[in-house]
Amino acid sequence: MYKLQFLSFIVVILLLFSSCRTGKELALFQDLNSEQDAKVQQVRTAAFDPLRLQSDDQLQIVISSISPEASQLFNLMGSAVITGNNSTQNMQSVYTVSPSGNITIPVIGDVKVAGLSTDEAKAQIKAVVSEYLKDAVISVTLINFRVTVMGEVARPSTFQVAGEKINVLEAIGMAGDLTVFAKRTNIKVIRKAADKVEVAHLNLNNSSVMRSPYYNLRQNDVVLVEPGKRKGLQAEGLNIIVPAAVSILSLIIVAITRLR
């Protein structure tokens with residue numbers, strides 16, 4: 001009788017150990033209070049720094065004015081889309097930032113935009129266009145903001161971002177969330193900066209990650225999610241130890257019960 005109770009106790013402990021361990025590993029921001037705590041917690045985040053334009057960025061630039069003929073001179077021929085009414089006309093053209101950091105505007109020539117935000121680029125372009133075009137209205141939009149999420153996520157891929165702001169959690173959400181094998185304590189953000197590549201390591205188990213300058217992503221960033229030890233154990237077939245032990249103990253219990 002005592003042997004049967006002891007074996008039953010061992011089975012329960014093994015089941016609880018395996019399930020509780022998995023639950024702890026999957027939780028994000030473990031330093032925050034549990035869900036039973038009714039308090040609203042405040043977490044400091046990194047100040048948002050607008051995207052800075054870089055080579056190969058594609059910009060959609062709209063130059064408008066009350067003079068359609070004059071506006072047309074400052075737009076790329078062949079790639080422009082004309083909209084408007086009798087009094088106004090918009091010319092939408094796509095410009096690619098050159099390796100030297102410039103875009104080339106007809107009539108004006110090269111305008112340096114690398115290192116500027118889109119708002120700063122708009123002001124820069126307006127300053128040079130205003131010398132030729134009265135009451136110019138300029139719009140600048142980054143149209144190839146992409147991030148790539150790879151590794152232990154449900155749907156690894158490259159994603160087009162609407163707007164100019166996305167953080168690591170949002171990117172992982174677009175990729176279908178982390179798998180159960182993802183190593184949450186070492187999410188890598190790979191970022192190209194000028195002539196070098198920066199690799200940041202983020203720990204999603206701690207809310208301080210929100211203060212990292214790499215928490216908010218930039219164009220062409222790669223988020224790499226590594227597999228944890230559990231994935232390695234599965235690959236080697238060692239993750240069957242606990243289920244196998246439970247099965248064997250269950251058979252022993254059944255056998256002892258029948259022998260009584």
Q) Rounded to the nearest 0.5 Å, how far apart are OG1 of Thr141 and CD of Gln58? A) 13.0 Å

Q: For side chain to side chain donor-acceptor pair (under 3.5 Å), just list the numbers for Asp110 and Thr104, CA-CA rounded to whole Å, side-chain angles, deciding distance to a tenth of an Å, and then say yes or no.
A: CA-CA 4 Å; Asp110 289 346; Thr104 303; 2.7 Å; yes

Q.
What I'd like to find out is whether the side chain of Val153 reaches to under 4.5 Å of the side chain of Asp177, using heavy atoms alone.
A. no

Q: Return the minimal non-hydrogen interatomic distance between Ile187 and Lys183, and the atom names on each side.
A: CD1-O, 3.5 Å

Q: With the side chain counted from C-beta on, respond yes when Leu51 and Leu142 share a heavy-atom pair under 4.5 Å apart, and no when they do not.
A: yes

**Q.** Carboxylate-amine/guanidinium proximity below 4.0 Å for Lys188 and Glu226
**A.** yes

Q: Please determine which of Lys192, Arg191, Arg146 meets the side-chain hydrogen bond (donor to acceptor under 3.5 Å, both in side chains) test together with Asp221.
A: Arg191

Q: Find the distance between CG (Leu73) and OH (Tyr132) and round it off to the nearest 0.5 Å.
A: 11.5 Å

Q: Step by step, work out the side-chain contact (heavy atoms from CB on, under 4.5 Å) result for Asn220 and Val147.
A: CA-CA 5 Å; Asn220 304 316; Val147 296; over 6 Å; no

Q.
Between Leu217 and Asn167, is there a side-chain heavy-atom distance shorter than 4.5 Å?
A. no

Q | Side chains of His201 and Val189 in contact at under 4.5 Å (non-hydrogen atoms) | A | no

(Q) Within this structure, what is the OG-CG distance for the pair Ser208 and Leu202, rounded to the nearest 0.5 Å? (A) 9.5 Å

(Q) Is there a side-chain contact between Leu169 and Leu204 in this structure, where contact means two heavy atoms from C-beta onward sitting under 4.5 Å apart? (A) yes

Q: Starting at CZ of Phe145, measure out to CD of Gln160 and round the result to the nearest 0.5 Å.
A: 9.5 Å

Q. For Ser98 and Ser100, does a side-chain donor sit closer than 3.5 Å to a side-chain acceptor?
A. yes

Q: First locate atom OG1 of Thr118, then atom CD1 of Ile125, and finally report the distance between them rounded to the nearest 0.5 Å.
A: 10.0 Å

**Q.** Minimum-distance pair of heavy atoms, taken over all atoms of Ala154 and Gly176
**A.** CB-O, 3.4 Å

Q) So does Lys126 have more than 12 non-hydrogen atoms from other groups sitting under 6.0 Å from NZ? A) no

Q.
Other residues, nucleotides and ligands only: do more than 12 of their heavy atoms fall within 6.0 Å of CE on Met150?
A. no

Q: Please report the C-alpha distance between Val137 and Asp135 in whole Å, then the side-chain angles of each, then the deciding distance to 0.1 Å, and finally whether the side-chain contact (heavy atoms from CB on, under 4.5 Å) criterion is met.
A: CA-CA 6 Å; Val137 177; Asp135 299 323; over 6 Å; no

Q) When you check the side-chain N and O atoms of Ser117 and Asp119, is any donor under 3.5 Å from an acceptor? A) no

Q. Does a side-chain heavy-atom distance below 4.5 Å link Thr45 with Tyr215?
A. no

Q) If you look at every heavy atom in Pro106 and Tyr95, which pair is closest and at what distance? A) CD-OH, 3.8 Å

Q. Does the pair Ile172 and Leu178 meet the rule for a side-chain contact (heavy atoms from CB on, under 4.5 Å), with working shown?
A. CA-CA 7 Å; Ile172 290 174; Leu178 302 171; 3.8 Å; yes

**Q.** Salt-bridge present (Glu120, Arg52; N to O < 4.0 Å)
**A.** yes

Q: Find out if a path of hydrophobic residues (ILVMFWY) with successive side-chain heavy-atom gaps under 4.5 Å connects Leu224 to Val197.
A: yes

Q) Out of curiosity, does Val128 fall in the hydrophobic cluster containing Val107 (side-chain heavy atoms, cut-off under 4.5 Å, transitive links)? A) yes

Q | Closest non-hydrogen atom pair between Tyr214 and Val168, with its separation | A | O-CG2, 3.7 Å

(Q) On a heavy-atom basis, which atom in Lys122 and which in Ser139 lie closest, and how many Å separate them? (A) CD-CA, 4.2 Å

Q | Derivation and outcome, side-chain contact (heavy atoms from CB on, under 4.5 Å), residues Ile190 and Glu198 | A | CA-CA 6 Å; Ile190 303 172; Glu198 300 173 346; over 6 Å; no

Q | Separation of Phe74 CZ from Ile108 CD1 (nearest 0.5 Å) | A | 5.5 Å

Q | Nearest non-hydrogen partners of Val149 and Ala171, listed with the distance | A | CG2-O, 3.7 Å

Q: Quickly, which of Val113, Ile143, Val97, Thr96 forms a side-chain contact (heavy atoms from CB on, under 4.5 Å) with Asp57? Name it, please.
A: Val97

Q) Under 4.5 Å between any side-chain heavy atoms of Asn203 and Asn186, yes or no? A) no

(Q) Is there a path of hydrophobic side-chain contacts, each under 4.5 Å between heavy atoms of I/L/V/M/F/W/Y residues, joining Met174 to Val222? (A) no

